[in-house]
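Structure record follows, encoded as structure tokens.
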Amino acid sequence: QQQVKQSPQSLIVQKGGISIINCAYENTAFDYFPWYQQFPGKGPALLIAIRPDVSEKKEGRFTISFNKSAKQFSLHIMDSQPGDSATYFCAAASAGGTSYGKLTFGQGTILTVHP
Amino acid sequence: KAGVTQTPRYLIKTRGQQVTLSCSPISGHRSVSWYQQTPGQGLQFLFEYFSETQRNKGNFPGRFSGRQFSNSRSEMNVSTLELGDSALYLCASSRSSGPSYEQYFGPGTRLTVT
């Protein structure tokens with residue numbers, strides 16, 4: 001059962017453009033939503049994360065928008081650069097119980113930023 | 001502060017063998033989670049350890065096991081390897097256990113089963 005659906009699978013953006021990746025979740029118990037960036041041959045690196053008590057969080061060129069009623073969240077990369085070319089994963093987690101330490105990941109988006 | 005380290009980085013094993021992978025968390029982190037990453041299934045949660053106790057386990061067969069030591073270092077073991085076990089195995093550490101604690105990933109161990 002895929003609990004976090006991510007789209008698009010791949011994305012091509014010109015340098016300086018805005019990259020937008022979307023995720024939707026089903027489990028209403030999720031209350032932590034991180035985004036990870038992964039380069040080939042590396043482990044995923046935490047980019048930014050949000051809790052449901054806020055609708056938006058910005059860190060540098062990266063912004064998470066969160067819509068609790070729609071059970072959707074998205075990553076916006078402003079002024080996209082060729083160095084941003086990587087695979088991006090959204091994830092979700094819930095507190096306690098049988099969910100300790102478990103991140104449920106989306107399928108990933110391969111982002112290519114052309115110079 | 002040093003990041004999460006995993007050894008070995010690459011491993012080639014034969015079907016039917018067993019393998020042990022090691023993970024050293026960031027200093028001060030007490031929780032270690034393990035994930036399997038494959039092109040087809042993506043990133044899937046294997047299990048999580050906190051204070052030497054397995055707190056959570058994903059939907060993997062019993063051939064996959066793990067443990068955590070008193071210094072928070074963790075190992076995972078896969079017995080009777082199958083071709084489908086070929087994957088990147090990632091461990092992630094966090095300060096404590098729970099979703100408010102960020103998980104930081106290591107570079108992974110690339111396991112190839114022939």
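For clarity, every value in this text was computed on a predicted model and none was experimentally measured. So that the names make sense, note that chain A is the first sequence line, chain B the second, and so on, each numbered from 1.
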>> Please classify the contact of A:Pro34 with chain B as side chain, backbone, both or neither, using a heavy-atom distance under 4.5 Å.
In response: neither
> Between A:Glu59 and A:Lys57, is there a side-chain N and carboxylate O pair less than 4.0 Å apart?
Replying inline: yes
> Looking at B:Leu88, B:Val19, B:Leu21, B:Ile12, which one forms a side chain to side chain contact (heavy atoms under 4.5 Å, CB included) with B:Leu111?
Replying inline: B:Val19
> Does any heavy atom of chain B fall under 4.5 Å from the side chain of A:Phe30, the backbone, both, or neither of them?
Replying inline: neither
> Is there a salt bridge (Lys or Arg N to Asp or Glu O under 4.0 Å) between B:Asp85 and B:Lys13 once you walk through the steps?
Replying inline: CA-CA 10 Å; B:Asp85 296 334; B:Lys13 289 286 188 179; over 6 Å; no
> Are B:Leu46 and B:Tyr104 linked, directly or through other ILVMFWY residues, by side chains that come within less than 4.5 angstrom of each other?
Replying inline: no
> Which answer fits B:Leu43, side chain, backbone, both or neither, if we ask what part of it has an atom under 4.5 Å from a heavy atom of chain A?
Replying inline: both
>> To the closest 0.5 Å, what do you measure between CZ (B:Arg110) and CD (B:Gln6)?
In response: 11.5 Å
> So which residues of residues 62-84 of chain B are in contact with chain A at a heavy-atom cut-off of under 4.5 Å?
Replying inline: none
>> Below 4.5 Å, heavy-atom pairs only: which of B:Gln44, B:Gln37, B:Gln41 has the largest tally toward chain A?
In response: B:Gln37
>> Side chains of A:Arg51 and A:Asp31, heavy atoms from C-beta outward: is any pair under 4.5 Å?
In response: yes
>> Please give me the minimum heavy-atom distance between A:Leu103 and B:Tyr35, naming the atom from each residue.
In response: N-OH, 2.9 Å
> For the residue pair A:Phe105 and A:Phe89, does the interplanar ring angle fall in the parallel (under 30°), tilted (30 to 60°) or perpendicular (over 60°) class?
Replying inline: perpendicular
